[in-house]
2 protein chains.
Amino acid sequence: MPYTYEYPRPALTVDCVVFGAADDGLKLLLIERAVEPFKGRYALPGGFVDMDETTEEAARRELEEETGLKASFLEQLYTFSRVDRDPRERVVSVAYFALVRPSAVVGGDDAASAQWVDADELPPLAFDHDEIVRVALERLRAKIRYQPIGFELLPPKFTLGQLQRLYEDILGRALDKRNFRKAILRMGVLDELDEVEEGVSHRPPRLYRFNKAAYKRLAKQGFNFEI
Amino acid sequence: MPYTYEYPRPALTVDCVVFGAADDGLKLLLIERAVEPFKGRYALPGGFVDMDETTEEAARRELEEETGLKASFLEQLYTFSRVDRDPRERVVSVAYFALVRPSAVVGGDDAASAQWVDADELPPLAFDHDEIVRVALERLRAKIRYQPIGFELLPPKFTLGQLQRLYEDILGRALDKRNFRKAILRMGVLDELDEVEEGVSHRPPRLYRFNKAAYKRLAKQGFNFEI
DNA sequence: CCAAAAGTGTTGAAACTACACCCATGG
DNA sequence: CCATGGGTGTAGTTTCAACACTTTTGG
């Protein structure tokens, strides 16, 4: 027991709320707990913050250790500090909000117990993780309307139909196809490719790519992405 | 040295970025440090999180202990965790963002060393507090456009001129008087009072009051406050 | 030829921008 | 009567919401 302090200290952890998009909707990455407390329940991936890393570094490290995934987008969500949020001892947790591309979603789990679960049919979670997920979903719904983060959930080349379905899944309501297209194309942050998606049993949709450089240029001029 | 742990733990603190509005612009509340490190420099009010309080409770407690102020608005800003942000030891700090009304701004400081400083002429601050303030100003500028937090900086009864000057101070640009009035009155969250401000050497301006209940009702219906 | 999703244009209503003048008070 | 900020209306432009039909492919 080598570490002693003059005053007691809360333990400090990170938790990751990781969203992915699949054909059948928005998914959340969860771990099934193997030990008490909350043995058998699902929980967010996460763990303790080391002394030589920032909380963001801890979040990326834990995410990779527990699930094998690298987030294409990761930002701090909120710090949760309810005194009784962990029944064992005082633990303050910095939650992170992450998005991963679908190539990471499909395929067997590197970490045996990590699973993708439908974001709109979540089981009860361990600790205060229900609340953390609720806050993360709020953030996702708010943020997708004014920041181009939807593209972090799609493959590099995508159709406007895929993009619209993603927005509809996240916002939980239908969007007008014509107005959605007009709005998103007007912004000038999508490159129209000379390619279509093959092998569909209807008119093949054109593929687009998000132009990050164009977006950054516009953003610097005060332009506002907004759906 | 009674508190021992199996693994080392960062210390956990809170810092408060407190904004107030005065006649001559936006102010930030700072403390002059009496001890090393950064002795003599200005710093944000803050301190250690106790084991039996949330970080928000700690922020309110520290703010009152160090400055005598109660925030009319307080929300979590961001958690800062750079490994070297405190030269003495590893300290992770949860920063809070607070607004106080002008009655709290004027008058002698309860805490001798607390001072209001112009938000646009800040001296260099201790630790990473420059960065924390930068993030807080960004948040304030973004948030005032889509949340009715400006009223937390004004007295309960205010004129539209005061409100507009506040918005101009925070956003750093002039706003068209007619358009500003139309926009803010159209929302229907201000009560027009049967009172005017007396004692001014020009046409006496009408007083208004923010109607929180009306705002909440509208917000529940999906209405968006936006300037 | 049928099903399925892709793709496109218009119109009326609302909001946004820019702009100039009169009003009520104190000094 | 002057200075000061308060207070208002309008016209042109842009954006928004709502809506229906044609196109291209696979089966």
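Throughout, a chain's letter reflects where its sequence line sits, starting with A, and its residues are numbered from 1.
Taking the centre of each ring, A/Y146 and A/F225 stay at or above the 6.0 Å mark.
At a threshold of 4.0 angstrom between heavy atoms, the contacts of B/R181 include nucleobase atoms, whether or not backbone atoms are also involved. When heavy atoms are screened at a 4.0 angstrom cut-off, A/R206 is found touching the sugar-phosphate backbone but no base atom.
Distance, A/L185 CG to D/dT15 C1': 16 Å, rounded to whole Å. Atoms CZ (A/F180) and C1' (C/dT8) sit 16 Å apart, rounded to a whole Å. We find that CG of A/N179 is positioned 16 Å from P of C/dA14, with the value rounded to whole Å. When the C1' atom of D/dA18 is taken as reference, atom CG of A/L175 falls 14 Å away, rounded to whole Å. Distance A/D176 CG to C/dG12 C1': 15 Å, rounded to the nearest Å. What separates CG of B/N224 from P of C/dC16 is a distance of 12 Å, to the nearest Å. Atom NZ of B/K177 is separated from atom P of D/dT4 by 14 Å (rounded to the nearest Å). The distance from atom CD of A/E197 to atom C1' of C/dA4 is 14 Å, rounded to the nearest whole Å.
In this structure the side chain of B/L125 reaches within 4.5 angstrom of the side chain of B/L30, judged on heavy atoms.
Side-chain N/O atoms of A/K182 and base N/O atoms of D/dT14 include no donor-acceptor pair closer than 3.5 Å.
Annotation: of the two residues near DNA chain D, A/H202 and A/A183, the 5′-most nearest-nucleotide partner is A/A183. Comparing B/V200 and A/T159 by the nucleotide of DNA chain C that holds the closest heavy atom to each, the one mapping nearer the 5' end is A/T159.
Considering only the side chain of B/R203, C/dA24 comes nearest among C/dA6, C/dA24, D/dC19.
Partner of B/R61 under the salt bridge (Lys or Arg N to Asp or Glu O under 4.0 Å) criterion, out of B/E64, B/E57, B/E65: B/E65 alone.
The two atoms that bring B/G46 and B/D15 nearest to each other are CA-OD1, 4.0 Å, heavy atoms only.
A sub-4.0 Å separation between OP1 or OP2 of C/dA18 and a side-chain N or O of B/R178 is absent.
Ion pair B/K157/B/E195 flagged as a salt bridge, since at least one NZ, NE, NH1 or NH2 atom sits closer than 4.0 Å to an Asp/Glu carboxylate oxygen.
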